Amino acid sequence: MQQVSHTQIQLSYVYDPMCSWCWGYRPTWLALEQQIKEQLPQVNICYRLGGLAPDSDVPMPQEMQQFLVQTWHKIANQLGTQFNFDFWTQCQPRRSTYPACRACLVAREYGLESQMYAAIQQAYYLDAQNPSDDSTLIALANKLGIDVARFSEQLTSLATKQQFKEELQLTHSLPIQGFPSLVLSIEQNHFSIPIDYVNFQTSLDAIKKALCTR
């Protein structure tokens, strides 16, 4: 087997911070991430934003709200995931996840992407706060110790929007299956890794198998 350098082996975790299935997958993903770091140190883990819903100031239609409420219940029943359904009565939902995605992108510059991701999920699913609102994202950045004035400027800057556009182009060039998705890249070859929402071993075995074929 030809030796492949660490920088040439990458596992992309494709997510959207406001994707409810990503929230349901979180415990399994964290376990998988830890196992990869321990067992497969040659694999570089990379977070990639998926971009579920574009910017919008329009209130979410009732039909979409009902669909998402049903999805939350489905995930809670299947995976035991906790949700705070007060969100749907205390907030004005909008079908807009791009602001939260850009917040994670900006946080990446500070080495805090995974922390921002976790903070957005906590705010959205447990604290009934709306990550479609810039004010929510700015407050979360403040809690993470990021300079609020600089973050506020970066969150809506043309440079960040362009960077996010380029990230989406890269993400959607990968063989993804919605969100969350896992893609193992070895040199120029990309392998879609199956996701098991309750058992990290399924994905870990698939990654090891792909590595052994090289």
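Not measured: the values here are computed from a predicted model.
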Under 3.5 Å, is there a donor on one side chain and an acceptor on the other for [X] and [Y]?
| X | Y | result |
| --- | --- | --- |
| Tyr125 | Arg26 | no |
| Tyr15 | Gln121 | no |
| Gln163 | Glu167 | no |
| Tyr25 | Tyr13 | no |

*What pairs of residues pass the ring-ring contact (aromatic ring centres under 6.0 Å, His included) test when at least one of them lies in residues 158-185, not counting sequence neighbours?*
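Passing the test, one end in residues 158-185: Tyr98-Phe164.
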
Starting from [Y], can I reach [X] by hopping between I/L/V/M/F/W/Y residues whose side chains sit under 4.5 Å apart?
| X | Y | answer |
| --- | --- | --- |
| Leu184 | Val14 | no |
| Phe191 | Leu170 | no |
| Leu174 | Val43 | no |
| Met64 | Leu52 | no |
| Leu40 | Leu11 | yes |

Side chains of [X] and [Y]: does their closest heavy-atom pair fall under 4.5 Å?
| X | Y | result |
| --- | --- | --- |
| Trp88 | Met60 | yes |
| Gln35 | Glu38 | yes |
| Lys74 | Gln70 | no |
| Thr97 | Pro17 | no |

Shortest non-hydrogen contact between [X] and [Y], atoms and distance:
| X | Y | result |
| --- | --- | --- |
| Ser203 | Pro194 | OG-O, 2.5 Å |
| Tyr47 | Arg108 | O-NH2, 3.2 Å |
| Ile120 | Ala103 | CD1-CB, 4.3 Å |
| Ser96 | Pro99 | OG-CD, 3.4 Å |
| Ala128 | Asn84 | CB-ND2, 3.9 Å |
| Leu155 | Ile138 | CD2-CG1, 4.4 Å |

Report, as yes or no, whether the 6.0 Å neighbourhood of atom [atom1] on [X] holds more than 12 heavy atoms from other residues, nucleotides or ligands.
| X | atom1 | result |
| --- | --- | --- |
| Gln201 | CD | yes |
| Phe85 | CZ | yes |
| Lys208 | NZ | yes |
| Gln82 | CD | no |

*How far apart are the C-alpha atoms of Leu79 and Trp21, what are their side-chain angles, what is the distance that settles it, and do they pass the side-chain contact (heavy atoms from CB on, under 4.5 Å) test?*
CA-CA 10 Å; Leu79 305 177; Trp21 283 104; 4.2 Å; yes

[Y] backbone acceptor or donor facing [X] side chain under 3.5 Å:
| X | Y | value |
| --- | --- | --- |
| Asn130 | Ser132 | yes |
| Gln42 | Ile9 | no |
| Thr160 | Thr156 | no |

*asked:* Walk me through whether Ile75 and Tyr197 qualify under side-chain contact (heavy atoms from CB on, under 4.5 Å).
replied: CA-CA 10 Å; Ile75 295 169; Tyr197 282 88; over 6 Å; no

To the nearest 0.5 angstrom, please state how far the [atom1] atom of [X] sits from the [atom2] atom of [Y].
| X | Y | atom1 | atom2 | answer |
| --- | --- | --- | --- | --- |
| Phe151 | Leu137 | CZ | CG | 6.0 Å |
| Ser152 | Asp147 | OG | CG | 8.5 Å |
| Gln34 | Phe200 | CD | CZ | 10.0 Å |
| Asn199 | Thr28 | CG | OG1 | 7.5 Å |
| Arg95 | Leu68 | CZ | CG | 5.5 Å |
| Thr202 | Ile207 | OG1 | CD1 | 11.0 Å |

*Sequence neighbours excluded, which residues qualify as salt bridge (charged side-chain N to carboxylate O under 4.0 Å, His left out) partners of Asp205?*
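Salt bridge (charged side-chain N to carboxylate O under 4.0 Å, His left out) list for Asp205, sorted by chain: empty.
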
*side chain to side chain contact (heavy atoms under 4.5 Å, CB included) with Val183: which of Thr171, Ile176, Ile193?*
Ile176

*Taking 4.0 angstrom as the limit, do Lys161 and Asp55 come out as a salt bridge?*
no

_Let's go through Thr136 and Tyr124 carefully: what are the C-alpha distance in whole Å and the side-chain angles of both, what is the deciding distance for side-chain contact (heavy atoms from CB on, under 4.5 Å) to 0.1 Å, and is it a yes or a no?_
CA-CA 10 Å; Thr136 298; Tyr124 183 27; over 6 Å; no

*Do Leu204 and Ile36 pass the side-chain contact (heavy atoms from CB on, under 4.5 Å) test, and can you show the C-alpha distance, the side-chain angles, and the key distance before you say yes or no?*
CA-CA 7 Å; Leu204 186 63; Ile36 291 171; 4.1 Å; yes

